[in-house]
There are 2 protein chains.
Amino acid sequence: MASDIEAPASFDSLRHNVQARYDGLSPHLQRLARLALEDPNSFALETVTSLAQTAEVQPSTLIRFAKEFGYSGFSDMQKIFKLRLIEGAPAYREQIHQHRTRLEAAAERDPMAILQEFTDASILCLERLKDTVDPAALARAIEMIAAADTIYVIGQRRAFPIAAYIAYGLARLEHRTQLLDFVGGMVPQQAATLRPTDLLIAVAFAEYTPAVVETVRDVHIRNIPTLTITDVPTSPLAQHGTVYFCVDDADIHRFRPIAGSISLAQSLIIGLGYYKDARKEDRGHGLKA
Amino acid sequence: MASDIEAPASFDSLRHNVQARYDGLSPHLQRLARLALEDPNSFALETVTSLAQTAEVQPSTLIRFAKEFGYSGFSDMQKIFKLRLIEGAPAYREQIHQHRTRLEAAAERDPMAILQEFTDASILCLERLKDTVDPAALARAIEMIAAADTIYVIGQRRAFPIAAYIAYGLARLEHRTQLLDFVGGMVPQQAATLRPTDLLIAVAFAEYTPAVVETVRDVHIRNIPTLTITDVPTSPLAQHGTVYFCVDDADIHRFRPIAGSISLAQSLIIGLGYYKDARKEDRGHGLKA
DNA sequence: CACAAAATGGAAAGTTCGTTCGAATCAGGC
DNA sequence: GCCTGATTCGAACGAACTTTCCATTTTGTG
């Protein structure tokens with residue numbers, strides 16, 4: 001063991017350590033050092049034996065390598081490599097939990113504290129949205145909307161405001177849009193009139209309003225394109241979405257922030273606006289190369 | 001084991017399989033399915049025992065889960081999750097870079113850049129909201145809502161989703177609530193039935209929908225309490241609000257973020273929830289000092 | 001209400017993995 | 001050329017992990 005008061009706790013500091021002491025290492029340890037910095041993924045996922053094979057050293061050398069940098073053994077060092085892979089991801093749910101407890105603590109008397117905590121939580125949702133949305137799905141969703149003849153939008157309870165906003169936005173962009181709002185109780189009949197050239201946009205979160213789920217399923221089974229916004233990949237709306245988005249906003253005191261979903265909806269609308277503008281321009285200037 | 005000729009070799013196909021067969025799985029397997037799709041990183045890095053603990057199932061259930069989808073055991077399935085991590089991970093650092101360059105270069109075309117820009121703008125709105133909201137107004141608004149007999153909510157166009165959310169939230173807190181949605185064209189008549197013990201909540205931004213403005217003015221002149229959410233203090237809704245909030249969100253690409261207004265609405269609802277809980281407790285334990 | 005089938009719990013067996021430690025090998029100095 | 005110290009090898013051990021199997025509970029059905 002080189003010195004006693006070390007053991008880097010982050011991948012970055014470990015890398016610095018390895019780089020600084022590289023010249024003073026024995027040949028085999030140098031080989032491992034190179035491997036560790038060039039292919040850290042393998043160090044996170046593979047076993048001592050298989051790493052030893054690829055590096056053409058004995059397993060015990062890997063343990064000596066780990067101890068050389070202050071860890072108690074290989075497993076101890078491997079934690080750092082595993083951490084590097086998930087970087088930042090686990091923070092979200094913990095942070096939300098913090099917000100929730102803080103909100104519950106300070107809330108009873110001061111509404112302003114509620115506002116504070118709630119907007120903070122909403123901001124977190126928005127930050128996360130940027131990371132979790134699949135760019136390909138976003139592009140495809142916009143194309144689907146642009147290609148559709150008539151767009152039907154459905155959403156109930158907490159999801160209704162989002163559905164309403166989508167309908168509003170589409171109408172502003174002069175799309176044929178129909179918000180299925182259950183007034184008059186004719187939704188099943190309305191859904192039955194959808195054609196394969198139309199599009200159904202559905203929004204629902206747990207517990208998924210049965211009427212919405214059924215509508216989506218019926219329409220999707222009839223091979224009519226569906227675009228769904230829901231919370232988790234296992235939701236029935238994800239299963240029956242031709243394209244789907246998951247915006248999982250952890251709930252805060254029985255109410256979930258919907259800022260994430262709303263912003264996604266708004267981004268879809270704005271993206272659609274640009275998409276249509278671009279196509280209009282192309283048509284105006286003739287065919288493009 | 002469900003069938004014999006399967007075992008997805010990629011994470012995508014595994015995800016599709018899980019989504020498709022989710023409904024037919026037993027409760028515990030469903031729980032694992034959710035965890036697997038929502039937190040695939042843990043499935044790649046952690047052990048059977050620790051995953052079983054977080055999912056609150058027995059380790060054996062994880063093996064059953066893996067076999068259900070055609071793998072020989074958990075380790076066999078875990079390979080897929082590990083693969084996803086090494087293929088998906090290098091993207092991360094590049095993604096950050098991509099975001100930057102895409103934002104600077106081609107913001108107009110790329111939907112992902114729009115999403116980025118738009119969520120950033122929404123975050124800004126939320127930051128501002130915390131500073132601009134008057135704590136006294138917030139407290140008074142909650143008291144007004146709590147004191148009201150029946151609450152009428154009105155909002156059109158972009159403000160309609162916000163009004164709809166308020167109506168939803170109030171209904172969930174078991175308030176008598178009526179969303180004035182212009183279906184049937186009876187809004188003026190409905191508004192005429194408001195009594196001084198009721199409350200009108202109105203939401204409108206420039207250009208203020210005339211029907212909403214008129215309704216608010218009429219109700220306010222009749223000395224019925226009004227709570228309004230609008231954009232600027234000079235708005236007609238601010239003038240005729242017994243209590244009013246201004247949430248001025250600068251527009252971006254012809255559309256304004258409404259995340260700020262939505263979050264204010266949600267904070268009002270949650271604040272009301274706590275307020276009611278507190279009063280209920282007080283009544284239960286007698287008068288408080 | 002009893003029964004069969006499915007789902008789950010839990011402990012014990014079996015396997016893989018990480019780690020240790022003495023022997024073997026190598027490099028450089030007298 | 002031998003000796004010393006550092007380095008590496010590799011078998012054996014012990015711990016951790018996965019898997020199996022059967023008892024128990026739950027669920028649905030006649």
Side-chain angles (χ1 to χ4, degrees), chain A residues 1-4 7 14 18 21-36 39-83 85 234, chain B residues 1-4 6-7 14 18 21-36 39-83 85:
Chain A
M1 220 166 302
S3 74
D4 300 288
L14 173 59
V18 172
R21 297 185 38 204
Y22 180 81
D23 289 328
L25 294 174
S26 75
H28 277 211
L29 293 191
Q30 286 190 350
R31 199 186 300 183
L32 287 179
R34 264 173 286 151
L35 194 69
D39 189 10
N41 290 339
S42 299
F43 264 67
L45 296 172
E46 284 181 50
T47 68
V48 170
T49 323
S50 73
L51 281 173
Q53 270 174 3
T54 50
E56 293 179 315
V57 297
Q58 288 296 317
S60 47
T61 313
L62 273 151
I63 280 93
R64 269 187 292 122
F65 179 77
K67 294 200 168 175
E68 188 65 34
F69 290 96
Y71 300 99
S72 73
F74 175 77
S75 316
D76 196 26
M77 183 183 70
Q78 197 177 34
K79 284 179 196 158
I80 306 300
F81 286 87
K82 288 187 176 180
L83 238 117
L85 272 182
T234 47
Chain B
M1 220 167 300
S3 74
D4 299 288
E6 35 177 344
L14 174 59
V18 172
R21 298 187 37 205
Y22 179 78
D23 290 326
L25 296 173
S26 75
H28 275 41
L29 293 190
Q30 286 190 350
R31 200 186 301 183
L32 287 177
R34 265 173 285 155
L35 195 69
D39 190 8
N41 289 343
S42 299
F43 263 66
L45 296 172
E46 284 182 51
T47 68
V48 170
T49 322
S50 73
L51 281 173
Q53 269 174 2
T54 49
E56 293 180 314
V57 298
Q58 289 295 317
S60 47
T61 311
L62 272 150
I63 280 91
R64 269 197 292 269
F65 180 76
K67 295 201 167 177
E68 187 68 33
F69 288 96
Y71 301 99
S72 72
F74 175 77
S75 315
D76 196 27
M77 182 182 72
Q78 198 178 35
K79 283 179 196 159
I80 304 301
F81 285 88
K82 288 187 175 178
L83 238 117
L85 217 47

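Every chain is numbered from 1 and lettered A, B, ... according to where its sequence line falls, protein lines coming before strand lines.
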- [ ] Name the first nucleotide and the last nucleotide along DNA chain D (5' to 3') that come under 4.0 Å of a heavy atom in chain B.
- [x] dC17(D) to dT20(D)
Task: Separation of atom CZ in Arg31(B) from atom C1' in dT8(C), rounded to whole Å - done: 11 Å
- [ ] Kindly indicate whether the side chain of Tyr71(A), heavy atoms from C-beta on, has any atom under 4.5 Å from the side chain of Leu14(A).
- [x] yes
Task: Separation of atom CG in Leu51(A) from atom P in dC17(C), rounded to whole Å - done: 11 Å
Task: Nearest-angstrom distance from the residue atom NZ of Lys67(A) to P of dG18(C) - done: 14 Å
- [ ] Identify the two heavy atoms, one from Leu25(B) and one from Gln30(B), that lie closest to each other, and give their separation to 0.1 Å.
- [x] O-NE2, 3.4 Å
Open item on the list: Going by salt bridge (charged side-chain N to carboxylate O under 4.0 Å, His left out), name the residues that satisfy it together with Asp76(A), two or more places apart in sequence or in a different chain.
Closed with: Lys79(A)
Task: Whole-Å distance separating the CD atom of Gln30(B) from the P atom of dA6(C) - done: 17 Å
Open item on the list: Within the 4.5 Å heavy-atom criterion, are Leu32(B) and Leu62(B) side-chain neighbours or not?
Closed with: yes
TODO: Specify the separation, in whole Å, of atom CD1 of Ile63(B) and atom P of dA12(C).
DONE: 17 Å
Task: Integer-rounded Å distance: dC17(C) P and Met77(A) CE - done: 17 Å
TODO: Could you tell me whether a side-chain N or O of Glu46(B) sits under 3.5 Å from a main-chain N or O of Ala52(B), the two making a donor and an acceptor?
DONE: no
Task: Donor-acceptor under 3.5 Å (Arg34(B) side chain, Thr234(A) main chain) - done: no
Open item on the list: Closer than 3.5 angstrom, by distance alone: can the side chain of Arg64(A) be matched with the main-chain N or O of Leu29(A) as a donor-acceptor pair?
Closed with: no
Open item on the list: Given 3.5 Å as the limit, does a donor-acceptor pair link the side chain of Arg31(A) with the main chain of Val57(A), or not?
Closed with: no
Check the interface with nucleotides 9-11 of chain C: list each N/O to N/O pair with the protein under 3.5 Å, or write none.
| residue | atom | partner | partner atom | Å |
| --- | --- | --- | --- | --- |
| dG9(C) | OP1 | His28(B) | NE2 | 3.4 |
| dG9(C) | OP2 | His28(B) | NE2 | 3.4 |
| dG10(C) | OP2 | Gln58(B) | NE2 | 2.8 |
| dG10(C) | O6 | Ser60(B) | OG | 2.9 |

TODO: Give the rounded distance in Å between these two atoms: CG of Asp76(B) and C1' of dT15(C).
DONE: 15 Å
Open item on the list: Can you classify the ring geometry of Phe74(B) versus Phe43(B) as parallel (below 30°), tilted (30 to 60°) or perpendicular (above 60°)?
Closed with: tilted
Task: d(CD, Gln78(A); P, dC17(C)) in whole Å - done: 12 Å
Open item on the list: Starting the side chain at C-beta, find the nucleotide from dT20(C), dA7(C), dC17(C) nearest to Ser26(B).
Closed with: dA7(C)
